[in-house]
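First up is the structure itself, then whatever we jot down about it.
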Amino acid sequence: MPGGAVTLVGATNVDRVEAPVTIKAYLMCAFAAFGGIFFGYDSGYISGVMAMNYFIHEFQGLPYPPAGATEDQKKYFVLPSWKKSLITSILSAGTFFGALIAGDLADFIGRRLTIIGGCGIFIVGVILQTASASLGLLVAGRLIAGFGVGFVSAIIILYMSEIAPKKVRGAIVSGYQFCITIGLLLASCVDYGTQNRTDSGSYRIPIALQMLWAIILAFGLFFLPDSPRYYVKRGKIDVAASVLARVRGQPVDSEYIQQELAEIVANHEYELQVIPQGSYWNSWKQCFTGGLSTPSSNLRRTILGASLQMMQQWTGINFIFYFGTTFFKDLGTISNPFLISLITTLVNVCSTPVSFWAIEKVGRRPLLIWGAVGMFVCEFIVAIIGVTDGHNKDAIKAMISFICIYIFFFASTWGPGAWVVIGEIFPLPIRSRGVGIATASNWLWNCIIAVITPYMVGTDRGNLGARVFFIWGSLCVLCWIYAYLLIPETKGLTLEQVDRMMEETTPRTSSKWVPTTTFAAEMGLTDKGTLDPAIVEDVERKGSVGV
């Protein structure tokens with residue numbers, strides 16, 4: 001359809017660039033957030049599985065502990081650190097590459113189909129893991145599953161950010177992190193329920209159950225529309241109008257739909273003028289253009305997204321969820337480490353909904369700043385208790401209490417906050433690749449931490465024990481400084497307004513910025529108030545040759 005067939009009314013009022021929030025928008029985003037369940041489950045089940053006696057019997061070749069084995073005897077029935085490291089980290093390695101590839105696919109086949117494809121790849125990996133009785137097949141299965149998780153973890157955030165209304169975007173994207181915590185809790189529950197089985201079902205059941213979450217997500221996405229911003233990027237303005245009407249629960253000819261779409265189109269045209277498009281490799285190069293001294297440059301945004309996800313991993317949270325069960329087991333003073341892990345994941349689930357309110361009421365920037373403070377205080381307390389009185393059972397209870405408080409601070413701040421911010425800071429021409437790079441950074445550092453942590457705390461290696469929390473606490477101090485200096489406030493802005501805010505402010509002054517004009521007003525309102533058809537045609541033309 002030619003651009004002139006789509007009438008887009010440009011809004012000059014900054015408060016009328018988006019339709020009112022409807023229950024339909026909530027439900028669509030809530031279902032998309034379901035992707036976090038199998039992401040969280042896949043991250044969480046491995047901690048318990050690696051501590052299961054039958055799993056160690058199968059993959060370490062040790063005789064199964066007799067029924068009368070003492071706790072001291074069972075204490076030495078463990079996987080060596082190198083196997084823990086390999087089994088845990090190989091998923092993150094696959095996910096790193098999956099997240100990078102997903103950015104390209106999301107631009108070519110759409111956000112929705114990329115997520116569905118990721119579910120299919122993930123299922124293949126789970127089948128291999130379920131069938132495994134040797135280390136090689138298990139590792140291969142986790143590597144393949146990692147590619148699928150990379151597709152989903154990168155593009156779900158992109159998809160949700162692009163369809164969510166601005167007033168509740170932070171809360172809705174936080175729902176993704178909430179689903180991750182639910183996945184972690186489900187994994188702990190299943191591990192807890194199968195830990196004492198004396199057959200391969202003890203670990204095969206937790207592994208195989210992952211397929212259910214992927215099937216539900218893929219099936220549901222067949223009935224959801226793709227992102228209207230994806231269609232604008234591809235030059236399909238008429239389809240974008242139809243999809244936006246469906247997402248917002250408004251008729252296509254609604255003034256709200258015309259004005260919101262006009263703003264998206266005008267912003268995209270503006271970005272295309274600032275960021276000239278070219279070959280495939282040139283489009284990747286655009287992620288790194290501009291100087292470090294320019295706050296709104298693509299290079300600064302790409303570094304911000306990648307470093308923010310790095311910092312989220314530096315908080316040390318995945319130490320608890322990847323190795324918590326084996327860490328509590330190695331302490332030798334906890335009778336049921338599976339139960340403690342279940343409690344920590346339950347705290348994670350119950351704490352995350354706090355962010356739904358706080359991220360929109362308090363804002364992204366304050367949440368990340370004060371969340372880092374709360375985490376490093378708790379981690380230093382855990383470390384100090386551990387090195388001074390770590391064998392006292394009352395001291396152990398205090399350590400577990402502060403670990404739970406630390407999880408509360410993470411789950412209500414950095415857990416959802418980092419995902420929300422990376423979904424908001426990139427302009428449309430590089431958004432899919434920018435989010436992909438940021439997510440890949442998350443998984444790269446996830447992988448690095450998964451590789452080195454068993455060597456740091458393993459009883460056969462570094463045996464740091466509670467002293468490891470001095471390391472995590474120090475890194476959280478860096479997270480606090482980082483958030484204060486570099487994180488902008490994006491609360492209450494459309495994705496297009498975030499672009500302008502980053503051009504005109506610094507992170508420390510961003511919370512005071514208020515939009516005063518629209519892209520549609522700047523890019524060509526005609527005398528009749530409609531967006532210049534030439535702009536629409538230009539976006540369609542550039543999209544048709546593969547933006």
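Ring geometry for F223 against F219 counts as perpendicular: the plane angle is over 60°, on a 0 to 90° scale with 30° as the lower cut.
A donor-acceptor pair under 3.5 Å is absent between the side-chain atoms of W443 and the main chain of S92, judged by distance alone. With hydrogens and angles disregarded, no donor-acceptor distance shorter than 3.5 Å links the side chain of Y159 to the backbone of A154. Under a 3.5 Å cut-off, the side chain of S510 and the backbone N or O of P488 do not form any donor-acceptor pair. Looking only at distances, no side-chain donor or acceptor of T315 sits under 3.5 Å from a matching main-chain atom of M311.
Of the residues V421, I369, T413, the one that meets the side chain to side chain contact (heavy atoms under 4.5 Å, CB included) test with R364 is V421. For the side chain to side chain donor-acceptor pair (under 3.5 Å) with Q312, the qualifying choice from N318, N446, N442 is N442, the only one to do so.
Ion pair D107/R433 flagged as a salt bridge, since at least one NZ, NE, NH1 or NH2 atom sits closer than 4.0 Å to an Asp/Glu carboxylate oxygen. At a threshold of 4.0 Å, the pair D499-R301 counts as salt-bridged, since one of the basic side-chain nitrogens sits closer than that to a carboxylate oxygen.
E162 and S227 share a side-chain donor-acceptor pair at under 3.5 Å. For the residue pair E504 and W513, a side-chain donor N or O sits within less than 3.5 Å of a side-chain acceptor on the partner.
The closest side-chain heavy-atom distance from E503 to R500 is below 4.5 Å.
Under a cutoff of 6.0 Å and an axis angle of 45°, R365 and Y484 form a cation-pi pair.
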Please evaluate residues F178 and F356 with respect to the criterion ring-ring contact (aromatic ring centres under 6.0 Å, His included), reporting the C-alpha separation (whole Å), side-chain torsions for both, the decisive distance (0.1 Å), and the verdict.
CA-CA 9 Å; F178 181 57; F356 297 175; 5.6 Å; yes
